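Structure first, commentary second.
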Amino acid sequence: MCNLNHQLEIKKRRTFAIISHPDAGKTTITEKMLLLGKVLHSSGTVKARGSGKYAKSDWMKIEKDRGISITTSVMQFNYKNILINLLDTPGHQDFSEDTYRILTAVDCCLLVIDAAKGIEERTKKLMDVSRLHNTPIITFINKLDRDSLEPIEILDQIEKELKLSCIPITWPISCGRNFKGVFHLDEKLIYLYNKLKQSNIFKTNFSYSEKYLLEKYISSDLTVQVYEELKLISHVYSKFNKKDFLKSIVTPVFFGSALTNFGIDHILEGLIKWAPAPIYRKSNIRKIQPEEKYFTGFVFKIQANMDLKHHDRIAFIRIVSGTYRKGIKLRHVRIKKNIIISDAFYFIAGDRFSIKVAYPGDVIGIHNHGTIKIGDSFTEGEEINFIGIPSFAPEIFRRIFLKNPLQQKQLKKGLMQLSEEGAIQVFYPFNNNHLILGAIGILQFDIVIQRLKIEYKIDAIYEKVNITMARWITSDNKKSIDIFVNDNKSHLALDNFNNLTYLAPNRANLNIIISRYIDINFNQIREQ
Ligand code: G4P
């Protein structure tokens, strides 16, 4: 076990990511959190990244062309003596398998919902992923300064569609032009929203049983309505219970307006009070606890071309136990080699910073010279492999082919390396020589074509293909697999790691096949 200082470092850390549909407010919330954490000193800085102001190093060409950030950074800030690691999840066009995998490297998620839109499609998918590890979820309903759905309706959607029981911690007083603030049900305080000085709030210590005092601030009609709502919710929703939160059975819910920095401090208070300090991770042999003396960690993301001139690749490691120190000797378990880590980094908007010391819950970036794969484990000697860093079935497919057919061998080599980095998935159909690429986000195809060109000098193009779903095939019964393969050759392929995969043209086809072969598992995720 570790010393007292190490234990304190663990206790004061929280590592989380934001789950949201594009435009729900993730960037705005990130920015306000960094302001509250005093990392930023003015608004608009996060959005400005990629615009030139912060893109000091050589960004990938696509990143520059489209003005988006492909680089996942870890933002670290202090809030009331707690060190918060916020892992940025690629969101808009840069949405990819990385977004999913980052959720396996955090201990808590903040679910952000646009109050006018409720639960949206992307939110559901991301929640499915966070469910794989039963990650605790804190919920923030954003944009109350605009006309919104009824709060109860939104909570109903969360309960029905995300199967998560809601415990409101704050409750909004109206919305849109009438938005007056929130009741903090836990603190029994009213936080008033001031439209004119938007980021200023008035804190009153009136217990809400003293209804008449509220009438001083908002109309008596609204006061009556709000008190009725409060009576109702006290009957409908249970009290917050941390145990159920940590098991991801319930979610504490906050309301606010990120744009005007209203309610973000409530989320941070919840996060430091309830979110777990870095927790254990499972390995193939045993659970590894953060308090253990020796360093362990796993790779959940590989980022290429952080510096285009050097074609450098950075592997991001989530530290599970022990301490990272510059010059540490680590065991790369899969390839059975010891390496000295002479430098590790973290990145914010194109700048890299050298890390001297890091603890469980932190994320460090190390140089990858083509030997590191997603899911790799690093230790100070122990031969353990972390589990639970999955691949996710692609959702979009393309056929890739060469402009110069003589480069077939190089193409396969390049694709192998890119798939090891988690940039793309590759499938080799049984019945033809096509090469099928699979991805979660559409931008991945452009990135792969560009990287093939720059790093491997390969000119390739892609086209649409009649595949919309992939499932990895497993079964306890070898005979069933043989029969299945024999019957379905035209839809079968091997992926880059020789896993049998069914490529379906549509959902109806997949459903029919699933119902026909009851002994066969059609897996949507696969361990690395
Ligand atoms: P995302 O990262 O989840 O995609 O969302 P982002 O924060 O970029 O927010 C999407 C849009 O919603 C932005 O407007 C942002 O200003 C707005 N927004 C975020 N939070 C709030 C809020 O609490 N209230 C209101 N009214 N708007 C909010 P935009 O016009 O698309 O971008 P911008 O030009 O303002 O940057």
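The model shown is predicted, which means the values in this text are computed figures rather than measured ones. Atoms within a ligand are numbered from 1 in the order they appear, just like the ligands themselves.
Numbered from 1 in the order shown, with element, the atoms of ligand 1 that lie under 4.0 Å from a heavy atom of Gly25 read 1 (P), 3 (O), 5 (O), 6 (P), 7 (O), 9 (O). Against a heavy-atom cut-off of under 4.0 Å, Lys26 is close to the following atoms of ligand 1: 1 (P), 2 (O), 3 (O), 5 (O), 7 (O). Numbered from 1 in the order shown, with element, the atoms of ligand 1 that lie under 4.0 Å from a heavy atom of Ser257 read 23 (O).
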Could you list the donor-acceptor pairs under 3.5 angstrom formed by side chains in residues 143-151, with sequence neighbours left out?
residue: Lys143; atom: NZ; partner: Asp23; partner atom: O; Å: 2.7
residue: Lys143; atom: NZ; partner: Asp114; partner atom: OD2; Å: 3.4
residue: Asp145; atom: OD1; partner: Ser257; partner atom: OG; Å: 3.1
residue: Ser148; atom: OG; partner: Arg146; partner atom: O; Å: 2.8

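Checked by atom type and distance alone, the side chain of Glu463 never pairs as donor or acceptor with a backbone atom of Ile400 at under 3.5 Å. With hydrogens and angles disregarded, no donor-acceptor distance shorter than 3.5 Å links the side chain of Thr170 to the backbone of Phe183.
Of all the heavy atoms of Lys143, the ones lying under 4.0 Å from any atom of ligand 1 are found in both the backbone and the side chain. Under 4.0 Å from ligand 1, the heavy atoms of Pro22 that appear belong solely to its backbone.
Under the rule for a salt bridge (Lys or Arg N to Asp or Glu O under 4.0 Å), the partners of Lys80 that lie at least two apart in sequence or sit in another chain are Glu269.
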Report the C-alpha distance between Glu97 and Lys301 in whole Å, list the side-chain angles of each, state the deciding distance to 0.1 Å, and finish with yes or no for salt bridge (charged side-chain N to carboxylate O under 4.0 Å, His left out).
CA-CA 10 Å; Glu97 208 183 341; Lys301 178 182 165 70; over 6 Å; no

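Residue Leu259 holds the heavy atom nearest to atom 16 (O) of ligand 1 of all those in Leu259, Asp88, Val112. When the heavy-atom distances from atom 15 (C) of ligand 1 to Thr28, Ile18, Thr260 are ranked, the shortest goes to Thr28.
The shortest N or O to N or O distance between Asp23 and ligand 1 is below 3.5 Å. Taking only nitrogen or oxygen atoms, main chain and side chain alike, Ile29 does not reach within less than 3.5 Å of ligand 1. The shortest N or O to N or O distance between Ala258 and ligand 1 is below 3.5 Å.
Taking the charged nitrogens against the carboxylate oxygens, Lys124 and Asp128 have no contact shorter than 4.0 Å, which rules out a salt bridge.
If you look at Phe255 and His266, their ring centroids are not closer than 6.0 Å.
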